[in-house]
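To keep things clear, I will list the structure first and then write my remarks on it.
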Amino acid sequence: TGPTYVRFGIELEGSTDADANYAFLFNLNRTWLNAAGASWYNNLRLGKDVHLRTEFMQPWSATSPWFAAGGFALKNDVLDLYTSDHKHYADLSKSWNRAYLDTGYRLGQYGDLRLGGYVGHNTTKAKIGVPFDKISSQVFGAKTSVMIDQLDSARWPRSGYSLEADLNHEADLNDNQLSNTYGKLLANYVYTTPNEVTLRLTGSYTNDAVNYVSHGGFLRVGGLQQDE
């Protein structure tokens with residue numbers, strides 16, 4: 001059995017309109033659980049948004065780049081809605097969970113490629129502000145993804161790059177005629193000058209019709225409020 005890594009922390013956010021949020025963060029990783037190098041990864045976030053992810057990853061052998069992985073992921077996000085003149089008028093609650101099974105290939109120390117399937121549940125409902133009928137569906141689908149991460153820090157990178165891309169085909173368990181194919185691309189490049197000025201370039205694209213993107217908040221120069 002290899003080492004076990006435990007990390008925890010608190011995330012605080014605030015803005016000039018007196019809006020403040022906090023979250024408790026917890027991470028537990030267990031490594032080399034057997035001779036082939038199996039690992040168990042766990043991440044938890046408790047706050048305004050609740051995120052949970054647990055995954056067991058089993059390499060085919062101690063020297064093989066191929067692996068299998070299975071896990072469960074859950075997200076419950078509160079989506080802030082704003083008017084065109086930047087006034088907060090409503091909150092939506094978007095819940096999402098997935099049980100999944102993947103097979104993949106490790107790209108050395110760069111990242112990995114994956115192909116797998118999943119089943120899950122989606123729910124969107126009004127929290128405050130506007131009348132909104134609850135939308136709920138049970139889904140299944142297939143997903144292929146690539147993840148490359150060469151940033152020197154996950155939270156406060158000073159150099160490196162990352163790339164995350166995935167393509168999903170998803171259908172409703174209760175009505176196979178309701179299907180959707182969508183993808184996502186997210187790229188980051190970070191560079192710190194000799195004068196200790198850190199520059200970060202981020203680009204993203206998605207054709208998911210229900211994807212929520214926030215353009216405001218800390219370290220974003222759009223002049224928009226947190227989560228706007």
Side-chain angles (χ1 to χ4, degrees), residues 1-9 25-45 51-75 96-120 139-170 180-193 198-208 211 213 219:
T1 301
T4 297
Y5 301 94
V6 179
R7 300 181 179 90
F8 56 89
L25 310 175
F26 178 77
N27 171 260
L28 170 67
N29 294 336
R30 298 196 64 191
T31 62
W32 285 98
L33 297 175
N34 55 35
S39 299
W40 183 30
Y41 303 106
N42 298 274
N43 292 283
L44 175 65
R45 173 193 174 98
H51 296 173
L52 169 68
R53 186 182 185 94
T54 182
E55 177 182 279
F56 186 84
M57 188 176 71
Q58 176 65 65
W60 290 11
S61 72
T63 58
S64 174
W66 293 95
F67 65 89
F72 177 78
L74 177 151
K75 289 185 178 182
W96 171 102
N97 64 65
R98 298 287 187 272
Y100 63 91
L101 185 63
D102 294 339
T103 185
Y105 184 86
R106 280 196 172 277
L107 304 172
Q109 298 298 314
Y110 288 92
D112 59 50
L113 293 167
R114 293 191 180 210
L115 176 65
Y118 60 85
V119 295
V139 298
F140 69 98
K143 176 179 179 179
T144 181
S145 64
V146 58
M147 170 74 78
I148 296 174
D149 188 350
Q150 293 296 291
L151 298 174
D152 61 348
S153 171
R155 299 293 297 174
W156 301 99
R158 289 171 51 83
S159 66
Y161 59 90
S162 67
L163 174 68
E164 179 181 352
D166 62 57
L167 181 65
N168 300 260
H169 181 74
E170 186 172 284
N180 184 29
T181 299
Y182 61 93
K184 178 183 67 176
L185 175 65
L186 176 64
N188 290 280
Y189 178 76
V190 182
Y191 173 73
T192 299
T193 70
T198 299
L199 306 174
R200 180 168 184 166
L201 179 65
T202 298
S204 64
Y205 170 80
T206 181
N207 65 342
D208 182 359
N211 186 67
V213 178
L219 294 181

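Just so you know, residue 1 is the first one in the sequence shown, and it goes up from there.
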Going by heavy atoms in the side chains, are [X] and [Y] under 4.5 Å from each other?
| X | Y | result |
| --- | --- | --- |
| K143 | R114 | no |
| Q58 | L33 | no |
| F67 | D102 | no |
| T54 | L44 | no |
| L163 | Q150 | no |

Over all atoms of both residues, closest heavy-atom pair of [X] and [Y]:
| X | Y | value |
| --- | --- | --- |
| L101 | G70 | CD1-CA, 4.1 Å |
| N207 | T181 | ND2-O, 3.8 Å |
| Y118 | H169 | OH-O, 4.2 Å |
| A165 | L185 | CB-CD1, 3.8 Å |
| A38 | F56 | CB-CZ, 3.6 Å |

Do any N or O atoms from the side chain of [X] and from the backbone of [Y] form a donor-acceptor pair under 3.5 angstrom?
| X | Y | value |
| --- | --- | --- |
| D152 | R158 | yes |
| N27 | N42 | yes |
| S61 | A36 | no |

Take a 6.0 Å sphere around [atom1] of [X] and say whether it holds more than 12 heavy atoms from other residues, nucleotides or ligands.
| X | atom1 | answer |
| --- | --- | --- |
| F26 | CZ | yes |
| W96 | CH2 | yes |
| Y105 | OH | no |

[X] [atom1] to [Y] [atom2] distance, which is reported to the nearest 0.5 Å:
| X | Y | atom1 | atom2 | result |
| --- | --- | --- | --- | --- |
| K184 | D166 | NZ | CG | 5.0 Å |
| Y189 | R200 | OH | CZ | 13.0 Å |
| Y182 | N168 | OH | CG | 4.0 Å |
| K75 | R98 | NZ | CZ | 10.0 Å |
| R30 | T4 | CZ | OG1 | 4.5 Å |
| R7 | L25 | CZ | CG | 12.0 Å |

Exercise. Say whether D149 and S162, considering side chains only, have a donor N or O and an acceptor N or O under 3.5 Å apart.
Key: no
Self-check item: Side-chain donor-acceptor contact under 3.5 Å, T31 with S39
Solution: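 No donor-acceptor contact under 3.5 Å links the two side chains.
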Exercise. Go through the steps to decide whether I148 and Y161 satisfy the test side-chain contact (heavy atoms from CB on, under 4.5 Å), and finish with yes or no.
Key: CA-CA 8 Å; I148 296 174; Y161 59 90; 4.0 Å; yes
